Amino acid sequence: MFICTKILIYNRALHQLYYDPNIENKNLAQKWLMQAQVSPQAWQFCWVLLRPEKVPEIQYFGASALHTKISRYWGDIPAEQYDTLKTQLFSQIAHFASGSKIVLTRLCVALASLALNMMPEAWPGAVSEMVRMFQEEGGEVDGRARCLALLELLTVLPEEFQTSRLPQYRKGQVRGALGREWTAVYPLLQQLLRQPDSPPLVKARVLKCLSSWVLLDVPLNESEGLVEASFTALADPELFDTAVEAIVNTISQPDSQRYVNTLLKLVPQVLQLQEQLRDAIQNGDMETSHGICRIAVSLGENHSRALLEQVEHWQSFLALVNMIMFCTGIPGHYPVNETTSSLTLTFWYTLQDDIMSFEAEKQAIYLQVYRPVYFQLVDVLLHKAQFPTDEEYASWSSDEKEQFRIYRVDVSDTLMYVYEMLGAELLSNLYDKLGRVLTNTEPTTTWQHTEALLYGFQSIAETIDVNYSDVIPGLIGLIPRININNVQLADTVMFTIGALAEWLADHPVMLSSVLPLVLQALGNPDLSVSSVSTLKKICRECKYDLPPYAANIVAVSQEVLIKQIHKTSQCMWLMQALGFLLSALPVEEILRNLHSLITPYIQQLEKLAGETPNPSNKLAIIHILGLLSNLFTTLDITKQEEESGENAPPIKSAPPQTGPNPVVVVLQQVFALIQTVLSKWLNDSQVVEAVCAIFEKSVKTLLHDFAPMVSQLSEMLGQMYSTIPQASALDLTRQMVHIFASETNNFPPIKALFELVTSVTLTIFQQGPRDHPDIVDSFMQLQAQVCFWFLISFTLGFSLLFRCPFLSHFSSLLSCTELIPRCADIPPVGQVVQENGKLLLLAVLEAIGGQSSRSVMDQFAEVLFCLNKHCFALLTVWLKEALRSPGFPSSRVSNEQKDTFSQQVLRERVNKRRVKDIVKEFTLVCRGLHGTEYAADY
């Protein structure tokens with residue numbers, strides 16, 4: 001009666017899961033069924049759920065329950081029941097061979113799991129027995145269905161092994177046993193694949209089975225016949241995809257490079273696919289061309305070194321390389337007309353690495369053969385990187401344009417890498433081609449060709465030091481001759497100039513050739529990103545050579561900012577560029593330019609500060625504050641004399657500056673205005689964050705030059721945080737503490753600020769820190785930043801670390817483990833540990849008991865280890881008192897389990913790894929997860 005009732009409940013829950021439209025009911029049903037699957041009663045119900053009269057959804061659940069019990073609770077099965085379970089599973093698989101495919105697959109997975117747990121001792125020759133059982137005649141199942149069921153079982157067996165939870169030592173044993181069983185699988189697959197009357201479905205399953213077994217590192221020479229048959233199957237459209245997967249999986253196995261003779265036999269078979277490849281391309285069959293290219297690339301990429309070393313076969317390998325080159329240059333534009341060429345790029349990296357890894361004499365021989373190949377590759381890549389016609393490009397979707405952009409980045413990376421092999425000759429080659437294009441009087445060359453050649457230069461110059469190249473002056477001279485009549489071409493011109501910014505710093509005489517182009521482009525919104533980023537690079541790298549151009553740069557920049565040509569992010573970049581530029585000018589000129597540059601914004605900010613807060617003026621205020629913030633990020637007049645070597649001349653720098661720092665002068669002038677803005681917007685975290693960013697970035701840039709403002713800024717921060725605590729104020733406080741706490745003159749305001757924010761934060765924590773995770777995060781980072789001696793000065797802040805109820809934060813845990821070791825040699829630290837250590841321990845135990853994520857258990861274990869190592873006597877007492885409380889740290893643990901945990905922890909004062917394991921084990925017990933699938937994943 002009980003079983004019948006339970007079955008009805010199962011049926012009802014499954015019906016609810018599959019058919020109930022209410023999502024909450026579905027979730028409840030799923031949760032109940034997941035628990036039912038792992039219950040001891042599942043052994044009785046799963047067979048009932050598999051009965052023929054049940055619908056496939058219920059049968060599927062029964063099969064899944066069987067697999068769950070076998071794979072995750074193998075220890076619950078008595079050894080004397082192994083054979084009975086095996087027989088039942090064979091019987092069910094035979095029954096479902098002609099039934100539901102999804103149920104059959106789950107039953108095969110269950111039997112596979114059973115075999116893996118029994119092999120090799122309890123079930124020697126498991127695979128051989130499976131093959132024999134399904135080959136025997138008899139029963140109501142026809143031969144074809146039995147064959148397909150056997151192939152399904154053989155396919156899922158290696159797949160189940162890959163995901164099994166077997167202990168590591170067992171995995172090695174089972175892998176070896178499965179490898180030995182290949183001799184039973186191979187003849188069957190070979191026969192079915194070569195048999196003329198085998199249906200396509202059977203052959204497809206054979207190929208899929210091969211793909212699965214080669215993941216067990218089956219020796220390549222032992223599957224040679226099947227691989228040859230797979231190549232033959234490529235001619236059949238129904239088998240093409242599975243044949244490609246089988247071949248690629250087989251030759252991609254790391255161990256297969258040991259079988260050079262077999263690899264050499266595969267090369268001609270791959271080369272024979274070239275005619276099929278060309279036909280596919282001509283007919284627009286992207287799937288076939290993609291599959292054949294995958295095979296060629298897989299063979300070349302995985303085994304290039306092994307094949308390179310077969311010197312007597314160099315011509316066949318070169319033919320394979322040329323076939324891959326054909327795949328790289330496959331006609332059409334990626335990703336609209338083809339998606340294959342991107343597959344080949346990694347091969348060129350691999351081949352180059354293998355060639356360059358040979359000893360010098362051998363390398364020179366290979367370079368004679370392959371340098372021309374790589375020059376050809378450059379031509380192919382630049383052709384593939386060309387934009388389509390304007391009309392065609394306009395018809396592309398935004399997603400296609402983005403994929404093409406990423407593809408060009410991959411091409412750029414490949415070109416940069418190829419430069420390592422071809423060197424300066426590559427730049428000369430590109431320069432000669434660009435020169436011919438630009439000096440050609442006949443208008444036969446498209447802008448796309450010019451753009452691609454420039455893109456090649458840009459790709460190399462962005463990452464390679466081209467300062468010593470003799471073609472760059474010529475390139476700079478050619479750039480003004482380019483007829484820029486297209487946005488994409490103009491973008492690439494800008495990015496190329498930006499990539500040469502370091503070279504321009506060493507050759508400032510050439511600035512006059514390119515700077516006018518950059519300033520002109522600033523006025524074009526379509527070139528916003530490229531023009532602004534290029535100007536920023538030039539101002540950063542060449543700032544000491546820009547004073548003659550400064551007035552013009554500032555004027556043009558002001559104009560485009562006032563006209564609001566650029567989006568917000570580009571406006572911020574432009575301000576950073578101006579900060580670099582002004583840094584190299586005398587203080588008087590900096591102040592004059594600053595006055596001209598920011599006065600319009602200050603006036604606008606004054607107007608906005610007088611208005612009633614609303615979403616529109618909020619955005620304007622944040623924008624203006626952002627402009628000031630980014631300007632002050634890079635405006636640094638500090639003299640920076642660096643030397644690149646003992647005898648090298650110092651890097652160019654500005655003349656020594658005297659007088660107050662211009663940034664400080666400006667900030668002091670606008671300080672009252674900023675306070676006015678804050679008074680109206682203090683409850684808006686975004687505005688407060690923008691205000692704090694101005695000072696935070698100024699502090700980071702100016703460092704100790706910011707000292708004149710420490711007192712008034714500390715006072716303002718204290719008022720802000722006392723009124724409405726916000727994380728951005730804490731982040732700025734952390735910067736102030738880091739830089740100025742050690743200075744005698746600035747110590748009093750910093751101390752007062754730290755005490756104030758600590759006191760306010762403690763109040764927040766007492767009210768409920770989980771409502772303010774951003775404040776907790778920032779405050780803990782502040783605590784972690786503070787030096788030992790500074791913490792010791794303020795018992796309040798130090799004690800808070802130990803009493804913080806939000807101890808799951810990594811920074812607080814890190815601070816505790818850094819400070820506890822000092823309790824013996826620094827009396828104030830010892831006093832705080834003695835007074836508050838038990839509170840710390842209670843918080844740690846509560847977190848281990850289930851109040852914090854399992855992902856941070858290692859950090860809690862470190863706190864326990866630290867207490868045990870440095871405060872053993874105290875920890876012994878605290879642990880005993882804490883664990884005496886009923887239901888603490890979890891109602892799921894018994895007193896015996898708590899005693900065991902305590903003893904294990906106290907015993908380990910040296911092995912931190914062992915303490916982490918103890919904590920992980922105990923937290924699983926506390927959460928009721930010990931022995932479950934979740935524990936296996938932990």
Side-chain angles (χ1 to χ4, degrees), residues 244 248 251-252 270 273-274 277 280-281 286-287 289-305 307-308 317-357 366-367 369-388 399-423 426 429-430 448 451-464 492 495 499:
V244 169
V248 169
I251 59 183
S252 297
V270 174
L273 299 174
Q274 290 181 93
L277 173 62
I281 293 171
M286 291 174 63
E287 288 75 16
S289 59
H290 191 83
I292 293 174
C293 287
R294 278 188 64 200
I295 293 171
V297 170
S298 181
L299 180 59
E301 190 175 311
N302 287 288
H303 307 294
S304 63
R305 187 177 184 90
L307 294 171
L308 276 169
F317 182 62
L318 181 59
L320 177 65
V321 171
N322 286 326
M323 181 179 176
I324 296 173
M325 179 76 76
F326 179 79
C327 295
T328 304
I330 196 167
H333 284 102
Y334 183 96
V336 176
N337 310 116
E338 61 92 7
T339 56
T340 298
S341 57
S342 61
L343 297 176
T344 67
L345 299 182
T346 308
F347 164 76
W348 299 109
Y349 286 83
T350 305
L351 178 61
Q352 179 176 325
D353 282 345
D354 289 335
I355 291 172
M356 302 305 285
S357 68
Y366 282 109
L367 286 175
V369 176
Y370 287 100
R371 271 176 65 88
V373 173
Y374 272 83
F375 274 113
Q376 181 188 351
L377 173 65
V378 171
D379 292 340
V380 169
L381 290 175
L382 291 178
H383 179 75
K384 292 295 296 181
Q386 286 186 23
F387 281 89
D399 183 56
E400 288 168 339
K401 289 177 180 177
E402 175 61 12
Q403 287 186 57
F404 182 61
R405 184 194 66 78
I406 295 170
Y407 176 74
R408 277 170 54 96
V409 171
D410 293 338
V411 168
S412 173
D413 292 342
T414 309
L415 289 171
M416 177 270 293
Y417 205 74
V418 167
Y419 180 84
E420 298 293 331
M421 175 188 277
L422 302 182
L426 173 56
N429 185 286
L430 291 174
Q448 287 92 338
E451 189 277 337
L453 289 169
L454 271 179
Y455 187 68
F457 270 111
Q458 175 203 329
S459 303
I460 296 165
E462 275 182 336
T463 50
I464 303 295
T492 303
F495 284 126

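Since we're looking at a predicted model, the values are computed, not measured.
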### Message
Can you confirm whether Leu430 sits close enough to Leu454 that some side-chain heavy atom of one is under 4.5 Å from a side-chain heavy atom of the other?
### Response
no
### Task
Could you note down all residue pairs passing salt bridge (charged side-chain N to carboxylate O under 4.0 Å, His left out) where residues 292-302 supplies at least one of them, sequence neighbours left out?
Glu245-Arg294
### Query
For Ile324 and Gly300, which heavy atoms make the closest approach, and how far apart are they?
CD1-CA, 4.3 Å
### Task
Could you pull out all residues at least two apart from Gln448 that satisfy side chain to side chain donor-acceptor pair (under 3.5 Å)?
Thr446
### Query
Atom CE in Met286, atom CD1 in Ile281: separation rounded to 0.5 Å?
10.5 Å
### Query
Looking at Tyr455 versus Phe495, is the centre-to-centre ring distance below 6.0 Å?
no
### Message
Test: salt bridge (charged side-chain N to carboxylate O under 4.0 Å, His left out). Region: residues 372-383. Which pairs qualify, not counting sequence neighbours?
### Response
Asp379-Lys433
### Message
Would you compute the distance between atom CD of Glu400 and atom CG of Asn337 and round it to the nearest 0.5 angstrom?
### Response
9.0 Å
### Summary
Taken to the nearest 0.5 Å, the spacing of Asp410 CG from Leu415 CG works out to 11.0 Å
### Query
For Ala385 and Val411, which heavy atoms make the closest approach, and how far apart are they?
CB-CG1, 4.2 Å
### Query
What salt bridge (charged side-chain N to carboxylate O under 4.0 Å, His left out) pairs are there with at least one residue in residues 454-464, not counting sequence neighbours?
none
### Message
Any non-hydrogen side-chain atom of Asn429 less than 4.5 Å from a side-chain atom of Val378?
### Response
no
### Summary
Contacts of Glu420 meeting salt bridge (charged side-chain N to carboxylate O under 4.0 Å, His left out) (sequence neighbours excluded), chain-then-number -> none
### Query
Are any of the side-chain nitrogens in Arg408 or Glu451 under 4.0 Å away from the carboxylate oxygens of its partner?
yes
#### Entry: N/O donor-acceptor pair under 3.5 Å between His303 side chain and Ile251 backbone
yes
#### Entry: Separation of Asn322 CG from Cys327 SG (nearest 0.5 Å)
11.0 Å
### Task
Show the numbers, then the answer: is there a side-chain contact (heavy atoms from CB on, under 4.5 Å) between Leu318 and Val373?
CA-CA 9 Å; Leu318 181 59; Val373 173; 4.1 Å; yes
### Query
Closest heavy-atom contact between Ser459 and Met416?
O-CB, 3.9 Å
### Query
Is there a donor-acceptor pair under 3.5 Å between the side chain of Ser252 and the backbone N or O of Val248?
yes
#### Entry: Pairing residues for Tyr366 by the ring-ring contact (aromatic ring centres under 6.0 Å, His included) criterion, not counting sequence neighbours
Phe358
## Note on the structure
By ring-ring contact (aromatic ring centres under 6.0 Å, His included), Phe326 pairs with (sequence neighbours left out) none
### Message
Using the side chain to side chain donor-acceptor pair (under 3.5 Å) criterion, which residues pair with Thr328? Sequence neighbours excluded.
### Response
Thr344, Trp348
### Message
I'd like to check the ring-ring contact (aromatic ring centres under 6.0 Å, His included) partners of Tyr349; sequence neighbours left out, ordered by chain and number.
### Response
Tyr417
### Message
Applying side-chain contact (heavy atoms from CB on, under 4.5 Å) to Met421 and Leu367, what does each step give before you reach the verdict?
### Response
CA-CA 9 Å; Met421 175 188 277; Leu367 286 175; 3.9 Å; yes
### Summary
Sorted by chain and residue number, the ring-ring contact (aromatic ring centres under 6.0 Å, His included) partners of Tyr419 (sequence neighbours excluded) come out as none
### Message
Apply side-chain contact (heavy atoms from CB on, under 4.5 Å) to residues Leu351 and Tyr374 and explain how you reach the verdict.
### Response
CA-CA 10 Å; Leu351 178 61; Tyr374 272 83; 3.4 Å; yes
### Query
Got a second to check how far Thr463's OG1 is from Gln458's CD, nearest 0.5 Å?
10.0 Å
### Query
For Ser342, which residues count as a side-chain contact (heavy atoms from CB on, under 4.5 Å) partner, sequence neighbours excluded?
Tyr334, Tyr407
### Task
Kindly state each residue pair satisfying salt bridge (charged side-chain N to carboxylate O under 4.0 Å, His left out) with at least one member in residues 335-348, sequence neighbours excluded.
Glu338-Lys384
### Task
For residues Val418 and Gln352, report the shortest heavy-atom separation together with the two atoms involved.
CA-OE1, 3.5 Å
### Message
To the closest 0.5 Å, what do you measure between CG (Leu308) and CG (Asp354)?
### Response
6.0 Å
### Message
Looking only at the side chains, is there a donor atom on one of Ser357 and Arg305 sitting less than 3.5 Å from an acceptor on the other?
### Response
yes
